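Below is one structure, written out as structure tokens; the observations come after it.
Keep in mind that what you see is a predicted model, and the values were worked out from it rather than measured. Each chain gets a letter, A, B and so on, in the order its sequence line appears, and its residues count up from 1. Computed from heavy atoms alone, side chains included, the values below leave out hydrogens, waters and symmetry copies.
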2 protein chains.
Amino acid sequence: MSETDSCIIRHFRHYANLTESDEALLDSLEREPREVERGEALWQTDDPAGRFCTLSKGWAYSFRDMEDGSRQILEIYLPGDVIGLREFAFQERLAGVMMFDDGVVCDFPHRRLLEVFRESFTLSMIFFAVSSQQQALLTERLVNLARRSARQKVAHLIYEMYMRLQRIMPHATRRFRLPLSQQQLGDALGLTSVHISRTLSGFREDGLLIRERQWVELLDPDALAREAEFAGRYLRDGLGPIAGE
Amino acid sequence: MSETDSCIIRHFRHYANLTESDEALLDSLEREPREVERGEALWQTDDPAGRFCTLSKGWAYSFRDMEDGSRQILEIYLPGDVIGLREFAFQERLAGVMMFDDGVVCDFPHRRLLEVFRESFTLSMIFFAVSSQQQALLTERLVNLARRSARQKVAHLIYEMYMRLQRIMPHATRRFRLPLSQQQLGDALGLTSVHISRTLSGFREDGLLIRERQWVELLDPDALAREAEFAGRYLRDGLGPIAGE
DNA sequence: CGGGCGGTTGAAGTGCATCAACTGATGTGG
DNA sequence: CCACATCAGTTGATGCACTTCAACCGCCCG
């Protein structure tokens with residue numbers, strides 16, 4: 001049934017072999033797909049938190065609005081990602097979630113995850129691993145924000161998206177869609193949109209990449225990775241030996 | 001047996017009621033305590049990752065060393081915290097871990113966690129919740145680093161430690177030990193130790209707090225929280241209704 | 001055709017870094 | 001018990017990466 005596989009099943013197969021019943025269980029989490037459009041909020045900070053969400057199609061992001069009116073983008077979600085894991089231990093949302101563009105999501109209540117825990121040991125582990133991996137992504141973003149120059153920040157974000165797209169798309173190319181405005185890039189990196197503009201112009205002049213509308217073309221991916229001090233291990237590893245159990 | 005309870009049991013009771021067998025299972029994770037001293041590394045980046053670690057005594061931190069020789073401190077661990085959850089999905093360490101001061105840790109291999117998953121549904125949930133909560137802490141740190149001024153960063157870190165200490169110590173006071181040098185505070189906040197010094201002097205002049213050796217005294221905790229735009233929900237919530245299942 | 005949003009470009013300001021000299025505690029060996 | 005070395009912290013002068021403010025442009029959409 002490989003043509004009809006949902007994103008999340010393909011994603012989870014990175015970690016371990018799934019039995020048929022595992023796949024059926026996962027499939028049942030995506031029973032009620034819902035179309036959402038660009039700019040739509042899946043939820044806001046402080047909303048009651050009782051469900052997760054899998055992203056089947058489109059790009060999304062979690063964010064926090066600051067007192068001064070600025071916005072910090074925390075995470076960028078791609079198809080196959082599970083949204084809302086962070087709030088499993090909380091009654092209310094710690095951050096809002098919005099769509100970068102049109103897409104499809106599937107909600108399921110926390111309770112369903114507990115059923116999964118009860119019924120499948122493999123899936124329990126995988127969910128735990130996915131949570132770990134999101135933590136690793138956050139960690140990398142933290143290093144990026146705390147320690148790098150604007151050029152490095154932008155280079156790192158773009159290269160990370162390039163790598164993540166390669167994971168989920170069989171034939172990703174050096175030219176890909178990146179549906180973030182310069183304002184949103186700034187919100188993700190703690191920079192102003194003005195400075196994003198200047199930085200991207202710099203990259204173009206240096207022959208590193210070309211940004212046009214919602215598209216990016218990497219002219220020299222390796223140089224970009226070097227510029228960003230990109231160490232991609234946090235994206236690569238799977239469960240490894242444990243998966244055999 | 002409340003006097004002999006280990007840190008981790010007390011910590012986990014925040015989330016749900018533990019049965020005797022749950023407690024015995026947890027206790028078995030702390031069977032081999034090991035003394036570690038100030039500055040000792042529990043592991044380094046790229047070491048093979050096959051075990052977790054509970055911190056029974058002392059303060060620890062995870063960090064990443066950058067190419068330019070600077071160091072970013074990612075997380076600060078207090079007694080009762082579980083270290084290394086992030087690398088459950090990885091073969092190698094993504095960050096080093098070091099002790100701020102002398103302490104005691106207990107190692108256990110990933111395999112033991114899987115046994116816990118198999119044997120206790122409650123503990124599975126709690127470990128998942130702990131992982132979520134660490135993610136929430138990381139998120140808050142990210143916002144802090146990306147969006148706030150040096151004054152706010154320092155204020156936020158100190159106030160967060162104040163809150164976390166209150167959680168784990170019955171009688172925490174406004175004056176508490178904070179075993180980080182100004183260099184290390186800088187490493188955690190992406191600032192130079194020089195600027196940390198100036199910022200702390202500023203707080204002293206403003207009557208907010210006094211820093212002396214390894215100690216901090218909060219003269220006006222509320223003002224400090226306001227200065228930091230501290231919103232502490234990410235520390236407070238437990239599992240809530242789910243715990244009843 | 002007009003209005004608005006996303007992006008570009010320039011000039012001026014600033015928060016923090018950098019460099020460097022100095023102080024005061026702590027520890028060590030003669 | 002003092003001379004000396006070391007390390008954490010303080011303070012001042014200078015520099016710069018990024019911000020802020022503002023004007024302007026081009027594209028898309030009603």
Side-chain angles (χ1 to χ4, degrees), chain A residues 37-39 66 68-73 98 100-102 144-158 177-206 209-217 227-228, chain B residues 37-39 66-73 100-102 144-158 177-206 209-217 227-228:
Chain A
E37 53 186 37
R38 193 181 114 98
M66 310 294 293
D68 66 358
S70 66
R71 164 172 294 188
Q72 178 61 37
I73 291 179
M98 260 192 188
F100 277 126
D101 54 3
D102 297 346
N144 201 27
L145 289 176
R147 289 285 157 190
R148 297 203 245 250
S149 67
R151 255 181 92 92
Q152 289 183 302
K153 288 182 193 183
V154 175
H156 198 278
L157 187 148
I158 290 177
R177 206 170 74 89
L178 184 77
L180 312 220
S181 69
Q182 295 193 354
Q183 179 62 53
Q184 289 168 328
L185 287 169
D187 289 347
L189 296 172
L191 299 170
T192 58
S193 62
V194 173
H195 205 66
I196 297 286
S197 173
R198 291 194 231 267
T199 306
L200 288 174
S201 301
F203 284 152
R204 170 190 295 255
E205 281 164 26
D206 299 346
L209 60 80
I210 294 170
R211 166 77 164 172
E212 216 174 20
R213 308 240 153 237
Q214 299 211 316
W215 293 79
V216 194
E217 180 173 359
E227 174 93 41
Chain B
E37 52 186 39
R38 191 180 114 99
M66 310 295 293
E67 291 186 8
D68 66 359
S70 67
R71 166 172 292 190
Q72 178 60 39
I73 291 180
F100 276 127
D101 54 3
D102 297 346
N144 201 27
L145 288 175
R147 289 286 158 190
R148 297 202 244 250
S149 68
R151 255 180 93 92
Q152 289 184 301
K153 288 182 193 183
V154 176
H156 197 277
L157 186 149
I158 291 178
R177 205 171 75 88
L178 183 76
L180 312 219
S181 68
Q182 297 194 352
Q183 179 63 51
Q184 290 167 328
L185 287 170
D187 289 346
L189 296 172
L191 298 169
T192 58
S193 63
V194 173
H195 205 69
I196 296 286
S197 173
R198 290 194 230 269
T199 306
L200 288 174
S201 300
F203 284 151
R204 172 189 295 255
E205 282 166 25
D206 299 347
L209 60 80
I210 294 170
R211 166 76 165 173
E212 217 174 20
R213 310 233 154 244
Q214 299 211 315
W215 293 79
V216 194
E217 180 174 0
E227 174 93 40

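Residue A/Gly186 is classed as having no contact, given no heavy-atom separation below 4.0 Å to the nucleic acid. Contact annotation for A/Ser149: backbone-only contact, meaning every heavy-atom pair under 4.0 Å involves sugar-phosphate atoms and none involves a base. Across all strands, A/Leu191 comes closer than 4.0 Å only to sugar-phosphate atoms, never to a base (heavy-atom distances).
The interatomic distance linking A/Lys153 (NZ) with D/dT19 (P) rounds to 8 Å, in whole Å. For the pair A/Arg151 CZ and D/dC16 P, the interatomic distance rounds to 18 Å; values are reported in whole Å. Spacing between atom CD of A/Glu212 and atom P of C/dG6 amounts to 18 Å, rounded to whole angstrom units. Note: NE2 (B/His195) to C1' (D/dA17) measures 14 Å, nearest angstrom. Protein atom CG of A/Leu185 is 15 Å distant from nucleotide atom C1' of C/dT8, rounded to whole Å. Distance, B/Arg204 CZ to D/dT11 C1': 15 Å, rounded to whole Å. We find that CD1 of B/Ile210 is positioned 17 Å from P of D/dG9, with the value rounded to whole Å. Atom CD1 in B/Ile196 sits roughly 11 Å away from atom P in D/dT10 (whole-Å rounding).
Minimum atom distance to the side chain of B/Arg213 is reached by C/dA25, of the listed C/dA25, D/dG9, D/dT20. Proximity note for A/Ala150 (side chain, C-beta onward) versus C/dG7, D/dC18, D/dT11: the nearest is D/dC18. Comparing C/dC19, D/dG9, C/dG7 by their closest approach to the side chain of B/Val194 singles out C/dC19.
Within the 4.5 Å cutoff, side-chain heavy atoms of B/Leu145 are placed close to those of B/Gln72. Side chains of A/Leu200 and A/Ile158 form a contact here, defined as non-hydrogen atoms less than 4.5 Å apart. Taking 4.5 Å as the limit, some side-chain heavy atom of A/Arg147 sits within range of a side-chain heavy atom of B/Asp187.
Judged by distance alone, with hydrogens and angles left aside, B/Arg147 brings no side-chain donor or acceptor close enough to the base of D/dT19 to form a pair under 3.5 Å. Scanning atom types as modelled, one donor and one acceptor separated by under 3.5 angstrom connect the side chain of A/Arg198 and the base of C/dG10.
For the pairing with A/Asp101, the side-chain contact (heavy atoms from CB on, under 4.5 Å) check across A/Glu37, A/Gln214, A/Arg177 returns one residue only, A/Arg177. Each of B/Gln152, B/His156, B/Arg151 was evaluated against B/Glu227; a single residue qualifies, B/Arg151, per the side-chain hydrogen bond (donor to acceptor under 3.5 Å, both in side chains) test.
Contact annotation: A/Ser197 reaches the phosphate of C/dT8 (side-chain N/O to OP1 or OP2, under 4.0 Å). Distances shorter than 4.0 Å separate some side-chain N or O of A/Gln182 from OP1 or OP2 on C/dT8. Here A/Ser201 reaches the OP1 or OP2 of C/dT9: one of its side-chain N or O atoms lies under 4.0 Å away. Under 4.0 angstrom from either OP1 or OP2 of C/dC16 there lies no side-chain N or O belonging to B/Thr192. Applying the 4.0 Å criterion to OP1 and OP2 of C/dG6, one finds that A/Ser181 has every side-chain N and O outside that range.
Checking B/Leu180 against A/Arg148, the closest nucleotide of DNA chain D that is more toward the 5' end is the one next to B/Leu180.
Within the model, atoms CG of A/Leu191 and NZ of A/Lys153 stand 5.0 Å from one another, a figure rounded to the nearest 0.5 Å.
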